[in-house]
2 protein chains.
Amino acid sequence: MKGKEKRAKEAGDVLRELGYRLTPQRMLILAAVQASDSHISAEEIYSQVRAQYPHVNISTVYRTLDLLKGLSLVTETDLGEGRVRYHYADKGHHHHLICERCGAIIDVDENLFLPLKRTLLKDYQFNADIRHFAIFGRCTKCPR
Amino acid sequence: MKGKEKRAKEAGDVLRELGYRLTPQRMLILAAVQASDSHISAEEIYSQVRAQYPHVNISTVYRTLDLLKGLSLVTETDLGEGRVRYHYADKGHHHHLICERCGAIIDVDENLFLPLKRTLLKDYQFNADIRHFAIFGRCTKCPR
DNA sequence: GTTGCGCCTGCAAGCTATTGCAACAACCTC
DNA sequence: GAGGTTGTTGCAATAGCTTGCAGGCGCAAC
């Protein structure tokens, strides 16, 4: 069994173990997110899945992504393109700085947010789910 | 001149000084955001404005809010309701912690983010626009 | 292998928000 | 005040995403 298939199977098992049904749609959607090396959009997932299973509906893609998100198997990020992108959670958490002027996207390590997370827990009794943040602003290379 | 009208006029002047035209639509939309004591949605702004100026179009509301956002006159927040809310910028910046379980919304002072903002500027040469953040997670009162 | 429960899916309708285009009107100039 | 320029607006079409509902199908029990 190749690595990619093994990962997909394992993630599928998670679903089954939690009492969710393992449908072909769910397996294909999960595999598409895992196979993507970068951030993938719902529409891209949809067309990949439909290539193998023509009857899927886009709403199933969204509902499944929502489920996987809730199970922390995928994370969701709004990079400001007017559409949300998804990312397989095991590939490591990171955050994005997005320059509103030049559109540059800078990746940031998740550790940068640990102090904030600690403060929120200590002072506000709030367990923040900081996994895939997008912060807008200006990179200093851009004028004004 | 009463305080509210004075504020609206001043904000309108900002538009004109920057070379934007001061249309009745823009003045009414700006006034609606300023008059709102809390966060107001585009649809609410739309119906308020339409009461005085029946011909406005919802797309004008969105376009104007986008403009005002770019000029830092209003800030935009996604509180996870499936619609974005707007807030007059002069009323002070703050952030929100949103519990995904019970839906509670906790307000957080903006100062909490200053260390992060400093780090991003120093280590990543990025001037983050941290004005109205929404952080999802769980309040510790909620089980599991 | 068969059966049945109830979770999941496809479909269609609906919601929020965006965009292209032609017509309009705010503002400047004279 | 009249006229021209061009930034704005209204309209309609469209995109991305969500939701209600009826029927389908995964899974466990036998």
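With rounding to the nearest 0.5 angstrom, the CG atom of B:Leu15 is 6.0 Å from the CG atom of B:Leu68. Here B:Leu97 contributes atom CG and A:Leu120 contributes atom CG; the two are 5.5 Å apart, rounded to the nearest 0.5 Å. A distance of 10.0 Å separates CD of A:Gln52 from CE of A:Met27, quoted to the nearest 0.5 Å. Rounded to the nearest 0.5 Å, atoms NE2 (A:His95) and CG (A:Asp109) are 7.5 Å apart.
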Verdict with supporting geometry, B:Arg63 and B:Asp66, salt bridge (Lys or Arg N to Asp or Glu O under 4.0 Å): CA-CA 5 Å; B:Arg63 274 187 285 227; B:Asp66 216 50; over 6 Å; no

B:Ser36 vs B:Tyr88, side-chain contact (heavy atoms from CB on, under 4.5 Å): CA-CA, chis, key distance, verdict: CA-CA 8 Å; B:Ser36 164; B:Tyr88 189 53; over 6 Å; no

Derivation and outcome, ring-ring contact (aromatic ring centres under 6.0 Å, His included), residues A:His132 and A:His94: CA-CA 6 Å; A:His132 224 137; A:His94 59 280; 4.7 Å; yes

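Read 5' to 3', the first and last nucleotides of DNA chain D with an atom closer than 4.0 Å to a heavy atom of chain A are D:dG16 to D:dC27.
Residue A:Ser59 is classed as a base contact, given a heavy-atom separation below 4.0 Å to a base.
Looking at heavy atoms from C-beta onward, B:Asn127 lies in side-chain contact with B:Lys117 at the 4.5 angstrom threshold.
Between the CG atom of B:Asn57 and the P atom of C:dC24 there is a distance of 15 Å, rounded to whole Å. Atom CG of A:Leu28 and atom P of C:dG10 are 11 Å apart (whole Å). The CG-C1' distance, from A:Leu65 to C:dT9, rounds to 15 Å in whole Å.
Residues satisfying the ring-ring contact (aromatic ring centres under 6.0 Å, His included) test with A:Phe133, not counting sequence neighbours, are A:Phe113, B:Phe133. Among residues two or more places apart in sequence or in another chain, the side chain to side chain donor-acceptor pair (under 3.5 Å) test is passed with B:Arg131 by B:Ser72, B:Asp129.
Counted by atom type alone, B:Asp107 and B:His96 present one or more donor-acceptor pairs between their side chains at under 3.5 Å.
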What's touching nucleotides 4-8 of chain C from the protein side, N or O pairs under 3.5 Å?
from: C:dG6; atom 1: N2; to: A:Arg21; atom 2: NH1; distance (Å): 2.5
from: C:dC7; atom 1: O4'; to: A:Arg21; atom 2: NH2; distance (Å): 3.4
from: C:dC7; atom 1: O2; to: A:Arg21; atom 2: NH1; distance (Å): 3.0
from: C:dC8; atom 1: OP1; to: A:Arg21; atom 2: N; distance (Å): 2.9
from: C:dC8; atom 1: OP1; to: A:Arg26; atom 2: NH1; distance (Å): 2.8
from: C:dC8; atom 1: O5'; to: A:Arg26; atom 2: NH2; distance (Å): 3.1

Protein-nucleotides 15-17 of chain C N/O pairs under 3.5 Å:
from: C:dT16; atom 1: OP1; to: B:Arg83; atom 2: NH2; distance (Å): 3.4
from: C:dA17; atom 1: OP1; to: B:Val84; atom 2: N; distance (Å): 2.8
from: C:dA17; atom 1: OP2; to: B:Tyr62; atom 2: OH; distance (Å): 2.2
from: C:dA17; atom 1: O5'; to: B:Tyr62; atom 2: OH; distance (Å): 3.1

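Note on the helix from C:dG1-D:dC30 to C:dC30-D:dG1: terminal axis deviation equals 30°, with five pairs used at each end and the result rounded to 10°.
Closest to the side chain of A:Arg63, out of C:dT9, C:dT18, C:dA26, is C:dT9.
Residues B:Phe126 and A:Phe136 do not share a hydrophobic cluster, clusters being chains of Ile/Leu/Val/Met/Phe/Trp/Tyr side chains in contact below 4.5 Å. Hydrophobic clustering, with ILVMFWY side chains joined whenever heavy atoms are under 4.5 angstrom apart, groups A:Leu30 together with A:Val84.
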